[in-house]
Amino acid sequence: MISVEEALEKILGYVEVLKPERKPILDCLGQVLAEDVYSTIDIPPLDNSAMDGYALRAEDTRGASESSPRHLVVVGEIAAGSMPTKEVKPGTAIRIMTGAPLPEGADAVVRFEDTDEGSRRPSRGDLSHIGILCQAKKGLNVRCRGEDIARGDLILKKGQVLRPQEIGVLASLGHSTALVIRRPIVAILATGDELIGVDQPLAPGKIYDSNTYTIAAEVSRYGGIPKILGIGRDSVQSLTEKIDEGLDADMLITSGGVSKGDYDIVKDVLAEHGEISFWTVCMKPGKPLAFGIIKKMAGRKKRKVPHLGLPGNPVSSMITFEQFARPAILKMMGRKMLAKPAIRAIIKNDIADNDGRRLFVRVMVTRRGGQYYAYVTGPQGSGILTSMVKANGLAIIPESSQGVKAGDMVEVQMLDWVEEQGEAKTVPIVSIAGKSESGKTVLMEQLIAEFKKRGYKIAAVKHSHGGMEIDHQGKDSWRFSQAGSDAVCVSSPDKLAVIKNVDHDLSIEEILPIIGPEFDIILFEGFKKSRMPKIEVHRKELGSDLLCSPEELSAIVTDGSLDTPIADSCKLSVFRWGDTVAVADFIEKNFVGAAS
Ligand code: AMP
Ligand code: MG
């Protein structure tokens with residue numbers, strides 16, 4: 001058995017970077033630039049306005065304010081795309097649009113909002129003058145010639161991958177084409193007597209050929225050009241004919257016929273035409289793999305085509321494609337970064353022993369509170385292609401591992417980026433605010449008990465203005481932090497406390513990831529300045545006014561009169577002190593349901 005790395009190294013040793021070609025920039029997405037690109041122009045080509053407003057001399061606005069506008073004579077107007085014909089002399093201004101060249105004499109632009117134009121226009125007032133309501137510094141709202149790109153600058157380097165922004169930069173320099181490393185043509189051949197094409201009726205004993213489509217889509221996805229050869233039968237003649245059709249490609253990928261069955265003859269056919277190695281790769285799925293160089297075929301001139309023989313099982317062929325074909329395609333395209341991006345995630349299921357091979361486990365990764373979690377997508381049979389549909393990553397369990405337990409950290413190779421799945425769940429949060437001694441803590445206690453009764457997993461956060469109760473002098477945790485530790489954790493069989501030194505009063509956004517994502521609701525006591533949903537506890541003996549402004553509140557719990565006029569004016573929900581069930585219902589209905 002050889003390792004995944006050894007197999008990859010051998011394969012990459014045989015594939016070469018392809019030659020460059022010049023083509024229209026829009027066809028170059030994802031390709032590698034094969035030349036340095038210098039600019040022959042300045043961008044922007046002239047000083048111009050960054051705002052719709054008035055071009056003027058900054059010194060003419062000295063001391064201007066809303067209460068004491070400076071009035072200037074408007075001597076003209078310039079739209080983007082035209083050249084100024086007038087100069088801005090002292091005491092004058094020119095109306096100017098975003099992108100229009102700055103007229104001679106002007107050194108600043110004051111936007112419409114900072115002039116009195118808004119009040120002149122509707123009243124059809126005098127537009128031959130304009131009142132400037134703010135003092136402008138030289139250069140205000142002016143984009144200088146060459147501030148983005150200066151003539152002669154090296155803008156894009158050879159070897160750079162062209163993304164939409166690089167393609168846009170090429171266009172901004174006036175280039176309609178670029179010199180890029182050619183895309184590889186990858187011939188794809190499915191093999192097996194049981195396979196039929198997707199346009200045929202399904203006959204007994206047959207299955208549709210899916211590998212051709214998975215592999216072709218992967219080739220396109222990573223920038224290659226698939227050339228579909230169709231289905232080769234399990235006979236020397238059929239396979240020879242089909243492979244022959246693929247020999248003008250840059251690479252040949254076959255699927256099936258490389259294991260030990262009676263009809264696995266791809267290897268025999270290939271052995272006859274070139275060098276071929278059969279490997280048992282130390283991975284699961286995907287153990288059998290063939291790789292070789294096809295050197296000659298009947299009636300063809302000598303040509304070396306790398307051949308990758310993937311296993312037939314749909315999941316195995318896809319996973320081996322990701323590990324071996326993808327890097328080979330990227331190398332041919334001139335790319336330097338060949339590894340699939342990986343993250344570290346907490347695995348949510350146990351994974352049993354891997355009999356000494358590297359396991360690639362299909363998982364769905366989600367992100368909550370800044371942490372990645374990986375969920376195994378169900379049965380892992382190498383024929384179950386729908387398990388790939390449910391997955392966005394492959395958890396990698398190393399050869400040396402004895403299996404992993406739920407909660408362990410694992411490496412996950414991302415098939416798709418996790419953003420595509422979005423945040424799986426945001427934990428609803430509610431703050432209980434109120435004046436000191438209003439009974440916030442009592443309401444928190446009652447709500448916690450009520451939500452526990454309803455089966456919720458609940459976290460409560462208390463803002464402590466004084467010190468930390470669990471961090472008292474003499475306690476071990478206190479001694480550790482006195483000794484200089486920036487964080488102290490106290491872990492017991494059923495509880496965990498983390499005491500971290502922080503350099504500022506943390507916001508709820510900073511606190512949430514530390515609490516973790518596993519709760520159904522988080523109640524905060526206090527935090528009256530944050531923007532989370534708030535419920536204020538109001539006590540009539542502490543005054544009729546509220547602590548928070550009513551627009552910020554979702555509800556009030558009060559022992560005062562239920563028809564508080566403030567509440568009425570803001571359509572706030574008002575609950576009677578003690579009616580905790582109603583408050584919990586309100587939170588459940590408005591926040592818990594809305595967040596999941
Ligand atoms: P093989 O490696 O040829 O023994 O094939 C292993 C398994 O993969 C068999 O169950 C095949 O039917 C299946 N298989 C092979 N090629 C394809 C394909 N192109 N599409 C779907 N299944 C395939
Ligand atoms: Mg077969």
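In listed order, ligands and their atoms are each counted from 1.
- The backbone N or O of V488 sits nowhere less than 3.5 Å from a side-chain atom of K500 that would complete a donor-acceptor pair.
- Nearest residue to atom 5 (O) of ligand 1 from G232, P288, G312, S317 is G312 (criterion: closest heavy atom).
- Nearest protein neighbour of atom 22 (N) of ligand 1, counting heavy atoms only, is I207 CD1, 3.5 Å.
- Looking at D193, its side chain never comes within 3.5 Å of a backbone N or O of R233 through a donor-acceptor pair.
- Heavy atoms of I231 found under 4.0 angstrom from ligand 1: none, in either backbone or side chain.
- At the shortest separation from atom 21 (C) of ligand 1 among protein heavy atoms lies S210 OG, 3.4 Å.
- In summary, the atoms of ligand 1 found under 4.0 Å from a heavy atom of N313, numbered by their order in the structure, are 6 (C), 7 (C), 8 (O).
- Against a heavy-atom cut-off of under 4.0 Å, Y208 is close to the following atoms of ligand 1: 20 (N), 21 (C).
- When the side chain to side chain contact (heavy atoms under 4.5 Å, CB included) test is applied to T386, the partners found at least two apart in sequence or on another chain are I384.
- Of all protein heavy atoms, the one closest to atom 16 (N) of ligand 1 is N211 ND2, 3.5 Å.
- Proximity to A190 (heavy-atom distance under 4.0 Å) selects the following atoms of ligand 1: 19 (N).
- The closest side-chain heavy-atom distance from V281 to K287 is not below 4.5 Å.
- Distances from atom 19 (N) of ligand 1 to the heavy atoms of D209, L189, D234 put D209 nearest.
- Remark: the backbone N or O of V236 is paired with a side-chain donor or acceptor of T240 at under 3.5 angstrom.
- For atom 3 (O) of ligand 1, the closest non-hydrogen atom of the protein is G257 N, 2.9 Å.
- Look at G192 and you'll find every heavy atom at least 4.0 Å from all atoms of ligand 1.
- The minimum heavy-atom distance between A374 and N349, with the atom names listed, is O-OD1, 4.1 Å.
- Shortest contact from atom 11 (C) of ligand 1 to any protein heavy atom: E194 OE2, 3.0 Å.
- Within the 3.5 Å criterion, the main-chain N or O of Y372 finds no donor-acceptor partner in the side chain of R344.
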Go through the steps for E322 and Y222 under the test side-chain hydrogen bond (donor to acceptor under 3.5 Å, both in side chains), then give the verdict.
-> CA-CA 10 Å; E322 289 286 351; Y222 297 127; 3.0 Å; yes

